[in-house]
Amino acid sequence: MRNVSMARMTTWGTGGPADRVYVPADVEDLADFLAGLGPGDPILWVGLGSNLLVRDGGVGGVVVLTARGLGRIEEPGGPVIRAGAGVPCAKLARRLGAKGYAGGEFLAGIPGTVGGALAMNAGAHGAQTWDLVQRVETIDRRGRRCWRARREFEIGYRSVGGRVGEWFTGADLRFVPEDPAAVRARTRRLIRARAASQPVGQRSCGSVFRNPPGDHAGRLVDACGLKGARIGGAVVSEKHGNFIVNEGAASSSDIEALIARVRSRVFDETGVDLEPEVRVVGRRLPPRDGCPKPGGRS
Ligand code: EPU
C-alpha cells in the first residue's frame with residue numbers, strides 16, 4: 001500500500017501519510033520482504049501506534065505493521081508463552097489470566113504490542129517487560145532470523161541497548177503458575193487503578209515523558225500548573241499530567257509544540273529536563289503562511 005495516512009495507525013490519531021506500508025502475512029513473509037528491500041530504505045515498525053508521534057508531513061521509506069501477521073500466541077511448554085511482536089499486551093494479559101500465569105498482570109495496562117514493549121522495556125506498577133524475557137527472536141534488515149538470550153541486551157528503565165540493526169519479532173516470556181482466579185483478580189485491580197488515574201479511552205500515546213530519577217513526570221507537570229494547557233486540539237490531561245490528549249482536531253505539530261512547551265516550562269520552574277518517552281518520527285509540513293501557528297492558553 002502506498003500513501004496511507006498514519007492517523008489511522010497511531011493512538012493519537014494524527015500524522016501524515018506513509019510513503020509505503022507493508023503488512024506481513026507472517027514472519028517468513030516478512031523475512032522475504034526484508035531480503036528484497038534496498039539497503040538504504042528506512043523502516044519504521046508500528047504495532048498499535050502508541051508511544052509514537054508521526055509528524056504531519058508523513059514518513060518516507062517503509063512502515064511495517066506488525067499487529068496482524070506477527071500476532072500469534074503459542075505455548076511451547078512450561079509456564080512460558082511465545083508471543084509474536086504484534087500481539088497486543090492487553091490480549092496477552094487475558095491469556096495469562098486464563099492460564100493462571102502470574103507476573104505479567106501489568107501488561108493489561110500497556111497500550112501497545114509485545115514488540116513495542118520489548119523495544120522500550122515498557123512497564124507499570126513496578127514491573128517491566130524484560131523481567132519476563134527468557135529469549136527473544138530478532139530479524140535483521142536482510143531478513144535473517146535469530147533467537148537471542150536476555151543477557152545479550154543492556155536493560156534499563158524504559159531502555160534496551162545492544163544488537164543495533166535487529167528488530168524483535170517475538171519472545172519467550174516466563175511466568176509463575178498460580179490460581180487463575182487470583183491472577184485475574186490482580187489484573188482487574190490494576191486495570192481499575194489505571195482507569196482511576198489515567199485518561200483511558202481518550203486519544204493519547206500513554207506517558208509522554210520518562211520519569212526522572214526519584215520523581216514523576218506527571219507530578220512535576222501538575223506542580224507547574226500545566227494541566228489543561230492547550231495548543232490547538234492538544235491538551236495536557238486534567239486527570240494525569242504526563243498525558244497529552246487529542247480532543248479531536250489536534251495535528252501532530254500541535255502535540256509536538258505542546259510537548260516542547262511543557263518541557264521548557266518544567267525546566268524553567270524546577271530545573272528538571274524531562275526526557276520524552278514518545279518516539280517522534282517523520283517530516284514537518286512547511287507552515288502554510290510562513291508564520292508559526294498561534295498557540296492557545298498555556
Ligand atoms: N501525580 C501527580 N499529578 C498527576 C499525575 C501523577 O501529582 O497529574 C503523582 C501521583 O499522585 C503519584 C505520582 O505522581 O504520587 C506517580 O503517578 P502514577 O502512579 O500515575 O505513576 P507514573 O509514574 O506517573 C508510571 C508509568 C505508567 C504506568 C504507571 C502505573 C512512566 C513514565 N509511567 O506512571 O506507564 O501506567 O506508572 O504504574 O514510567 C506509560 O509508560 O505509557 C505508562 C502509562
Side-chain angles (χ1 to χ4, degrees), residues 10-14 46-54 87-93 96 102-132 155-160 186-230 234-246 255-256 258-259 261-263 265-267 269-270 272-281 298:
T10 57
T11 54
W12 254 324
T14 64
V46 176
L48 295 178
S50 61
N51 210 51
L52 179 66
L53 182 66
V54 178
V87 174
C89 292
K91 181 177 177 183
L92 176 56
L96 302 179
E105 293 86 341
F106 72 97
L107 291 166
I110 304 285
T113 56
V114 167
L118 287 169
M120 63 174 285
N121 194 19
H125 311 288
Q128 51 186 17
T129 304
W130 278 77
D131 295 344
L132 306 168
I155 308 302
Y157 165 71
R158 298 291 195 274
S159 83
V160 179
R186 269 201 306 277
T187 305
R188 274 197 300 274
R189 270 201 299 279
L190 296 188
I191 290 173
R192 270 201 299 273
R194 180 167 171 260
S197 68
Q198 298 177 8
V200 174
Q202 286 185 276
R203 286 190 164 274
S204 81
C205 72
S207 296
V208 171
F209 297 103
R210 293 182 165 87
N211 281 335
D215 208 339
H216 297 271
R219 194 199 69 74
L220 288 164
V221 174
D222 193 357
C224 292
L226 284 160
K227 282 181 164 180
R230 166 192 297 275
V235 185
V236 177
S237 168
E238 296 279 2
K239 201 164 182 182
H240 196 297
N242 202 12
F243 284 70
I244 289 179
V245 297
N246 174 4
I255 294 169
E256 194 172 6
L258 188 54
I259 293 172
R261 181 185 293 178
V262 168
R263 187 175 182 179
R265 180 76 72 83
V266 170
F267 183 69
E269 293 199 13
T270 69
V272 178
D273 187 15
L274 292 176
E275 198 189 327
E277 176 176 300
V278 58
R279 206 167 148 218
V280 183
V281 299
S298 61

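In listed order, ligands and their atoms are each counted from 1. Residue numbers start at 1 and run along the sequence shown. Owing to the predicted nature of the structure, the values given are computational and were not obtained by experimental measurement.
The G123 neighbourhood of ligand 1 comprises atoms 35 (O), with distances under 4.0 Å to a heavy atom of that residue. Those atoms of ligand 1 with a heavy atom of A124 less than 4.0 angstrom away are 28 (C), 36 (O), 38 (O). Of all atoms in ligand 1, numbered sequentially from 1 with element shown, those under 4.0 Å from a heavy atom of F209 are 32 (C). Taking a cut-off of under 4.0 Å to the non-hydrogen atoms of R158, the atoms of ligand 1 that pass are 26 (C), 31 (C), 33 (N), 35 (O), 39 (O), 41 (O). Against a heavy-atom cut-off of under 4.0 Å, Y157 is close to the following atoms of ligand 1: 31 (C), 32 (C), 39 (O). Counting atoms of ligand 1 from 1 in the listed order, those under 4.0 Å from a heavy atom of G206 are 42 (O).
Shown here, atom 35 (O) of ligand 1 is in close reach of the protein: a heavy atom of it lies under 4.0 Å off. The nearest protein heavy atom to atom 12 (C) of ligand 1 is not closer than 4.0 Å. Protein heavy atoms come within 4.0 Å of atom 31 (C) of ligand 1. Checking atom 20 (O) of ligand 1 against the protein gives a heavy-atom contact under 4.0 Å.
In the displayed structure, K91 atom NZ is contacted under 6.0 Å by at most 12 heavy atoms of other residues, nucleotides or ligands.
Closest of all the heavy-atom pairs between T11 and R203 is O-NH1, 3.2 Å. The minimum heavy-atom distance between S237 and V245, with the atom names listed, is CB-CG1, 4.4 Å. Listed here is the closest heavy atom pair of E277 and N51: O-ND2, 3.4 Å. The shortest non-hydrogen separation linking I259 to W12 is CD1-CH2, 4.3 Å. Considering all non-hydrogen atoms of both residues, G206 and S204 come closest at N-OG, 3.2 Å. Between G241 and V221, the shortest heavy-atom contact is O-CG1, 3.3 Å.
Counting protein heavy atoms only, atom 3 (N) of ligand 1 is closest to D222 OD2, 2.8 Å. Looking only at protein heavy atoms, the nearest one to atom 37 (O) of ligand 1 is H125 N, 4.6 Å. Residue, atom and distance of the protein heavy atom nearest to atom 6 (C) of ligand 1 are H240 NE2, 3.8 Å. Protein heavy atom closest to atom 25 (C) of ligand 1, with residue, atom name and distance, is N211 ND2, 4.2 Å.
For S207, a nitrogen or oxygen atom sits less than 3.5 Å from a nitrogen or oxygen atom of ligand 1, counting backbone and side chain alike. Polar contact check, F243 against ligand 1: no nitrogen or oxygen pair lies under 3.5 Å apart. Note: an N/O pair closer than 3.5 Å links E277 and ligand 1 by distance alone. Taking any N or O of N242, backbone or side chain, none lies under 3.5 Å from an N or O belonging to ligand 1.
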Worksheet item: Hey, mind stepping through C224 and T270 against side chain to side chain contact (heavy atoms under 4.5 Å, CB included) and telling me if it holds?
Response: CA-CA 8 Å; C224 292; T270 69; 3.8 Å; yes
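Nearest-heavy-atom check against atom 22 (P) of ligand 1 across R210, R219, K227, H216 picks out H216. Among Q198, E275, K239, the residue whose heavy atom sits closest to atom 29 (C) of ligand 1 is Q198.
Residue F106 places every heavy atom at 4.0 Å or more from ligand 1. Not a single heavy atom of G126 sits under 4.0 Å from any atom of ligand 1.
A distance-only check finds a donor-acceptor pair linking the side chain of N121 to the backbone of W130 [under 3.5 Å]. Of the possible polar contacts, none joining the R210 side chain to the L274 backbone as a donor-acceptor pair under 3.5 Å is found. A donor-acceptor distance shorter than 3.5 angstrom exists from the side chain of Y157 to the backbone of N211, with no hydrogens or angles considered.
Side-chain contact between E256 and L53 is present, with at least one heavy-atom pair separated by less than 4.5 Å. Side-chain atoms of F209 and V262, non-hydrogen and from C-beta on, do get closer than 4.5 Å to each other.
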